[in-house]
Protein chains: 4
Amino acid sequence: MGAEPRDRPPYLWPRIRRDFVAAETHITCGLCYQCRTGQANVCRNVQILGVDRDGAFAEYIAIPETVAWKTGKEIDHTVASIQEPFGNAVHATFAGDITNQTVAVFGCGPIGLWAVGLCRISGSGAIFAIEPNHKRLDIATTMGANYVYNPRDIDPVQQVLAITGGLGVDVVLEMSGNAQAIRQSFKVLRNGGRVSLLGIPSRAVELDLANDIIFKGATVLGISGRRIFDTWYRTRRILEAGQLDLKQVITHTLPFDHLHEAMEIMKTGDCGKIVMKM
Amino acid sequence: MGAEPRDRPPYLWPRIRRDFVAAETHITCGLCYQCRTGQANVCRNVQILGVDRDGAFAEYIAIPETVAWKTGKEIDHTVASIQEPFGNAVHATFAGDITNQTVAVFGCGPIGLWAVGLCRISGSGAIFAIEPNHKRLDIATTMGANYVYNPRDIDPVQQVLAITGGLGVDVVLEMSGNAQAIRQSFKVLRNGGRVSLLGIPSRAVELDLANDIIFKGATVLGISGRRIFDTWYRTRRILEAGQLDLKQVITHTLPFDHLHEAMEIMKTGDCGKIVMKM
Amino acid sequence: MGAEPRDRPPYLWPRIRRDFVAAETHITCGLCYQCRTGQANVCRNVQILGVDRDGAFAEYIAIPETVAWKTGKEIDHTVASIQEPFGNAVHATFAGDITNQTVAVFGCGPIGLWAVGLCRISGSGAIFAIEPNHKRLDIATTMGANYVYNPRDIDPVQQVLAITGGLGVDVVLEMSGNAQAIRQSFKVLRNGGRVSLLGIPSRAVELDLANDIIFKGATVLGISGRRIFDTWYRTRRILEAGQLDLKQVITHTLPFDHLHEAMEIMKTGDCGKIVMKM
Amino acid sequence: MGAEPRDRPPYLWPRIRRDFVAAETHITCGLCYQCRTGQANVCRNVQILGVDRDGAFAEYIAIPETVAWKTGKEIDHTVASIQEPFGNAVHATFAGDITNQTVAVFGCGPIGLWAVGLCRISGSGAIFAIEPNHKRLDIATTMGANYVYNPRDIDPVQQVLAITGGLGVDVVLEMSGNAQAIRQSFKVLRNGGRVSLLGIPSRAVELDLANDIIFKGATVLGISGRRIFDTWYRTRRILEAGQLDLKQVITHTLPFDHLHEAMEIMKTGDCGKIVMKM
């Protein structure tokens, strides 16, 4: 705990090391205004593994040492491999105060499910999970959601407002990217509340800015990547302390050559995290 | 400076007092979660003078003592009467760090113009003012804008990006409520920057949330009313120190019975603040 | 949850109500700069129950309605009566980010013990409790401390530094008021860390400001009272959700006329909270 | 403005460059917790030029590229050479909100004097400067202080409290390191105010923590070095915009071989910044 992965100056490093590492997939430039003022997660010149350069589907990849995150050997390999998307949940959840706050999580894919768990271990008040897939709602309950709603069956806005006495929730974590869910996010938010937007909508979204953001005095935070390396330190601490079992979110484990099958399952939405074994 | 308007307990107050006061137009309930946790400006049960109850066009109005803001007799009456809309500019501008920050102000009605002046006296870096009325752009220059753009003549997004070396500005103050201006606000914003939304759009606005807020790691703040009474104390200090001449924004002074004429001028947009004299 | 205790305007209130309430013991003036800008806990004209006016040892007391905190009838009366000192722990612990943070709590009287529990339910990393009374250290373990040290037996500074790999802890909650403990607080703090000072030293304390605060880039927060009413809302949520059992800290329950005996026990330090029954 | 010093990836850099640079004197390790979470100014493994390795009195020094801050050729060389101590003032002054805040600056050596100027250009309210040397107080007036006090002639605590109506100031910038001044800092601070400690006391200081920090709900910030590189960007913007003339603080310019003489002048305190010319 607190021990640094490499605590000696570079000129003392051995020529060759074999470390067990995870990769931060955002290769940041280190030179732009953002990188030099603690906002490297929105680096102007970022290159993303698997988007701008070879990623995890390549046979071998080389990554700069600066994005290699040494991971303790005691961490299960499966868990180690999903640290990075888990970091998205960590960044979104801890972008503001979450303890004692009531929270609505829209979208319960793996990141949304982990977010539910993070709220639970951080002392949040009531946690609402909203998601159209029943299987995922079940996992949300396991992760600690107090109320789970399927928007195909019931109006989540009405429910959340009823249970909060009309006040709404303090915090919304929007993990779906769905336009309707985004609009509902603002409807369940209390005046003066905070929304973390992480889910990526596929097109422009129409918002009632006047009523949903301005008169409400809302704070909206765009969440991109992970804070470098604040988010990774938090992740390490959570894993080392065993505060959250990331594997609760895994529903399928498949051999790596079943990639196509995995993609098909993901499209159905009938899954949590799918892990591919080498 | 710093002296409290009423420094004795209520039971020592005289029965009748004749004070010179301005009114905070938001009558807040004092009992809701927001009122009791320092966010009274988004009180759940707010009543607004002139909207929910008699306002400044009534012959006489009664207001609760709690919203009467005692104003020094040395403050010019005209200035005293426009403290409240000025407070909107104060709240929006100081909602985050503004010193050393580059700022774009969209919309140069009175509130936008004051915001330009507030940035100027607070040590902001380059200040960009964007507004379709040339008369208002001239006043923006007087208030301290370094660059003024009329979006009818030139693309403000291209201009701001060119001058900031492609980075964009740290802060946007959106004072227009115009849908196109709102979309441009996000285009001129740097990654990790902050937008204060104050202008009220008349209908829903389509936003490219993915590129403009999420990937950008932007912070968006809905600005409603004035912080009670933090904003008013700031206003008092600015006026007492003579840091900003609010009257620079006044373009017309009319007798009160010329109300109709004043409304017509406002519709043309060819004006700053219009003051009605009793 | 979230429902307001009194949701109607005052003129609709019944003349006489019989509510079950706890008292915020700081009677604030409501008129000073601090009261009007969300910092009423450091009101300039505060009167404290039991110090400046009749307190809990009087036969009857009258309190202004503004400091009466309605408490749900489902809350155990014993718990209800200790909400206010518990609020000190809530204020001190949540004065900054505590989730994922390593914490050292100096002084394990009731407030320190509750602070340990609050860190535990809020997802803190390793929690260190330092206290010279073994009985209290046992309760600290029950409340969730990972490491407990008796400074009479062992040097807590050496221990904390060893376990954190020389880094020190992110947060110190100083609840003892003891001069040596205060100095140790800064020695176990990591560079850039935060100290909440709540324990009241009986005389001036010598500090090595250069090494302990300045070069360290430390943040030191003076903690007084409870944030009004942010702290109380948090307390309510914790109690209503059953996140923490405040009674774990109670070691003695005595009839009210055994006051003298209670005082004697407190002096020995061989106790947690002592509750007096009417 | 906003343009990055080096906007191309390293592999495109020429082998040899001749840039005009200033040095951040804190050589940070880049690997510790602090360096990797945006707090490099309190790096655990810092080496300081002139303390831990050759500094500005050596004939030649080599510095890592990471601490070279490219400075525009249009910046006067004298100004460029004093950017780094000026950065201390920038860090201390902007460690919290300063606009509209009343400020007391204790100690008017060069850093204190610049701090006065920074408050002035950032829209602070009344600025009080306290310093035992009359020459420095004169410069403080030039830099924009509203009230200057020589503690040898008058009690600054009484003065500040009288002028602020008993409230005290919102912010103290302690630049002297003098024990009495540090104690006075807390006496002039309003309840809920903020103190930036930058001046280095030569020995331990006795503080009345109970009354001066705890009951007051004060925030105390240890200020070390400069935020890397947030402070430097701010410095650049201030210089490029010509918001502050750093040379107003220079009282002596001497040839470099008059080093001994310069040291003697510094000891008298009868000077601002002394610049040595090569």
Side-chain angles (χ1 to χ4, degrees), chain C residues 32-35 37-46 48 91-92 95-96 102 164-168 170 174 177 179 182-183 186 189-225 227, chain D residues 32-35 37-46 48 91-92 95-96 102 164-168 170 174 177 179 182-183 186 189-225 227:
Chain C
C32 71
Y33 179 79
Q34 282 81 2
C35 279
T37 56
Q39 303 177 295
N41 63 307
V42 285
C43 165
R44 287 177 68 185
N45 310 308
V46 69
I48 301 183
H91 182 189
T102 52
T164 57
L167 178 68
D170 301 307
E174 208 305 302
I182 292 171
R183 281 191 289 266
F186 291 101
L189 189 71
R190 75 160 169 85
N191 284 3
R194 180 178 86 245
V195 175
S196 282
L197 293 180
L198 182 138
I200 310 293
S202 52
R203 65 193 67 190
V205 176
E206 247 193 13
L207 291 179
D208 178 0
L209 296 179
N211 290 302
D212 288 350
I213 298 188
I214 300 172
F215 294 138
K216 209 161 224 177
T219 297
V220 183
L221 303 176
I223 304 293
S224 182
R227 295 193 65 216
Chain D
C32 70
Y33 179 78
Q34 283 81 2
C35 279
T37 57
Q39 304 177 295
N41 63 307
V42 285
C43 164
R44 287 178 68 184
N45 310 308
V46 70
I48 301 184
H91 182 188
T102 52
T164 57
L167 178 67
D170 300 307
E174 208 304 302
I182 292 171
R183 281 191 288 266
F186 291 101
L189 189 71
R190 74 161 170 84
N191 284 3
R194 179 178 87 246
V195 175
S196 282
L197 293 181
L198 181 138
I200 310 293
S202 52
R203 64 193 67 191
V205 176
E206 246 193 14
L207 291 179
D208 178 359
L209 295 179
N211 290 302
D212 287 350
I213 298 188
I214 300 172
F215 294 138
K216 208 160 227 177
T219 297
V220 183
L221 303 176
I223 303 293
S224 182
R227 296 193 63 215

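What you are looking at is a predicted structure, and each value in this text was computed from that prediction instead of being measured. Throughout, a chain's letter reflects where its sequence line sits, starting with A, and its residues are numbered from 1. Just so you know, these numbers use all the heavy atoms, side chains as well, and skip hydrogens, waters and symmetry mates.
When each of C:Leu209, C:Asn191, C:Leu198 is scored by its heavy-atom pairs under 4.5 Å with chain D, the top score falls to C:Asn191. Ranked by heavy-atom pairs under 4.5 Å with chain D, the list C:Cys43, C:Gly166, C:Gly177 is led by C:Gly166. Between chain D and the options C:Ile223, C:Thr219, C:Leu207, the largest number of non-hydrogen pairs under 4.5 Å is found for C:Leu207. Counting heavy-atom pairs under 4.5 Å between each of C:Val205, C:Asp212, C:Asn41 and chain D puts C:Val205 at the top. Ranked by heavy-atom pairs shorter than 4.5 Å toward chain D, the options C:Leu197, C:Asp208, C:Asn211, C:Thr37 are led by C:Leu197. Your options are C:Val220, C:Leu221, C:Val195, and the one with the most heavy-atom pairs under 4.5 Å with chain D is C:Val220.
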Open item on the list: With side chain to side chain contact (heavy atoms under 4.5 Å, CB included) as the criterion, how do C:Tyr33 and D:Thr164 come out once you've worked through the C-alpha distance, each side chain's angles and the decisive distance to 0.1 Å?
Closed with: CA-CA 12 Å; C:Tyr33 179 79; D:Thr164 57; over 6 Å; no
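For C:Ala218, the part lying near chain D is the backbone, with the side chain staying farther off; criterion is any non-hydrogen pair under 4.5 Å.
When all heavy atoms are compared, the tightest approach of D:Pro201 to C:Ala210 is O-CB, 4.0 Å. Closest approach of C:Ile214 and D:Gly199 over heavy atoms only: CD1-O, 3.2 Å.
By the side-chain hydrogen bond (donor to acceptor under 3.5 Å, both in side chains) test, C:Arg227 is found to be paired with no residue, residues two or more places apart in sequence or in another chain being considered.
Results of the side chain to side chain contact (heavy atoms under 4.5 Å, CB included) test with C:Phe215 over D:Val46, D:Val42, D:Ile200 single out D:Ile200 as the only residue that passes.
Judged purely by atom type and a 3.5 angstrom limit, D:Gln34 has no side-chain atom pairing as donor or acceptor with the backbone of C:Gly192.
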